[in-house]
Amino acid sequence: MLQTITRIPVANYSNLKARSGYTIKIDDKEIALFKTSNGNVYALENRSPHSKGGVLSEGLVSGDYVFCPVYDWKISLKDGLVQAPDTGYVKTFNIEIEKDIIFVVS
């Protein structure tokens with residue numbers, strides 16, 4: 001059986017500031033894009049896994065991590081895992097960059 005891959009253009013790479021979050025919406029999903037200081041781009045669900053956590057696009061980016069702006073949980077941009085001693089997970093999304101366009105791929 002063939003699997004259909006959807007590529008949704010969401011932003012221009014050149015418009016993203018390093019170490020900042022950028023919010024996009026795809027259907028009913030709010031997604032945070034992050035561009036790290038080394039130029040990598042990551043896409044995560046835009047909500048901390050803490051029950052009273054904040055919007056991740058407002059968090060501080062350091063290396064390949066974003067910190068929840070409310071509870072300071074350290075979350076990996078690569079795989080969405082919350083770092084110990086806290087626990088939890090944020091959904092990640094695959095992205096591709098072609099020329100200057102960032103695509104979310106599903």
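For clarity, every value in this text was computed on a predicted model and none was experimentally measured.
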Open item on the list: Treating Asn12 as the side-chain partner and Ser14 as the backbone partner, does any N or O pair qualify as donor plus acceptor under 3.5 Å?
Closed with: no
Open item on the list: Quick check for you: to the nearest 0.5 Å, what is the distance between Asp100 atom CG and Asn15 atom CG?
Closed with: 7.0 Å
Task: Residue from Leu16, Ile102, Asn40 passing side-chain contact (heavy atoms from CB on, under 4.5 Å) with Lys35 - done: Leu16
TODO: Report, as yes or no, whether the 6.0 Å neighbourhood of atom OH on Tyr42 holds more than 12 heavy atoms from other residues, nucleotides or ligands.
DONE: yes
Task: Derivation and outcome, side chain to side chain contact (heavy atoms under 4.5 Å, CB included), residues Phe34 and Arg19 - done: CA-CA 7 Å; Phe34 297 97; Arg19 298 180 55 202; over 6 Å; no
Task: Neighbour count above 12 (heavy atom, 6.0 Å) for Arg7 CZ - done: yes
Task: Check: Asn46 side chain, Leu56 main-chain N or O, donor-acceptor pair, under 3.5 Å - done: yes
- [ ] Can you see which heavy atom on Glu98 is nearest to which on Phe103, and at what distance?
- [x] CB-CE1, 3.9 Å
Task: From OG (Ser37) to CG (Asp64), nearest 0.5 Å - done: 8.0 Å
Open item on the list: A cation-pi test, strictly: NZ or CZ of Lys74 under 6.0 Å from the centre of the six-membered ring of Tyr65 and no more than 45 degrees from its axis. Yes or no?
Closed with: yes
- [ ] Side-chain contact test, heavy atoms from C-beta onward, threshold under 4.5 Å: evaluate it for Trp73 versus Gln83 and give yes or no.
- [x] no
Open item on the list: Could you measure the distance from the CD atom of Glu30 to the CD1 atom of Ile24? Nearest 0.5 Å is fine.
Closed with: 9.5 Å
TODO: Run through Ser76, Pro49, Cys68 and flag the one making a side-chain contact (heavy atoms from CB on, under 4.5 Å) with Val90.
DONE: Pro49
Task: Donor-acceptor contact below 3.5 Å, side chain Tyr22 vs main chain Ile31 - done: no
TODO: Give the cluster check for Val82 versus Tyr89: same hydrophobic cluster or not, with ILVMFWY residues linked at side-chain heavy-atom distances below 4.5 Å.
DONE: no
Task: Side chain proximity check, Val61 to Leu77, heavy atoms < 4.5 angstrom - done: yes
Open item on the list: Does Lys52 qualify as a cation-pi partner of Tyr71, given the criterion of NZ or CZ under 6.0 Å from the six-membered ring centre and within 45 degrees of its axis?
Closed with: no
TODO: Indicate the atoms forming the closest heavy-atom contact of Leu33 with Ala43, along with that distance.
DONE: CD2-CB, 3.7 Å
Open item on the list: Does any part of the side chain of Val105, heavy atoms only, come nearer than 4.5 Å to the side chain of Ile95, both counted from C-beta?
Closed with: no
Task: Atom pair OG/CG of Ser57 and Leu44 - distance to nearest 0.5 Å - done: 11.0 Å
Task: Heavy-atom side-chain proximity of Val41 to Ile97 below 4.5 angstrom - done: yes
Task: Heavy-atom side-chain contact between Ile75 and Phe67 under 4.5 Å - done: no
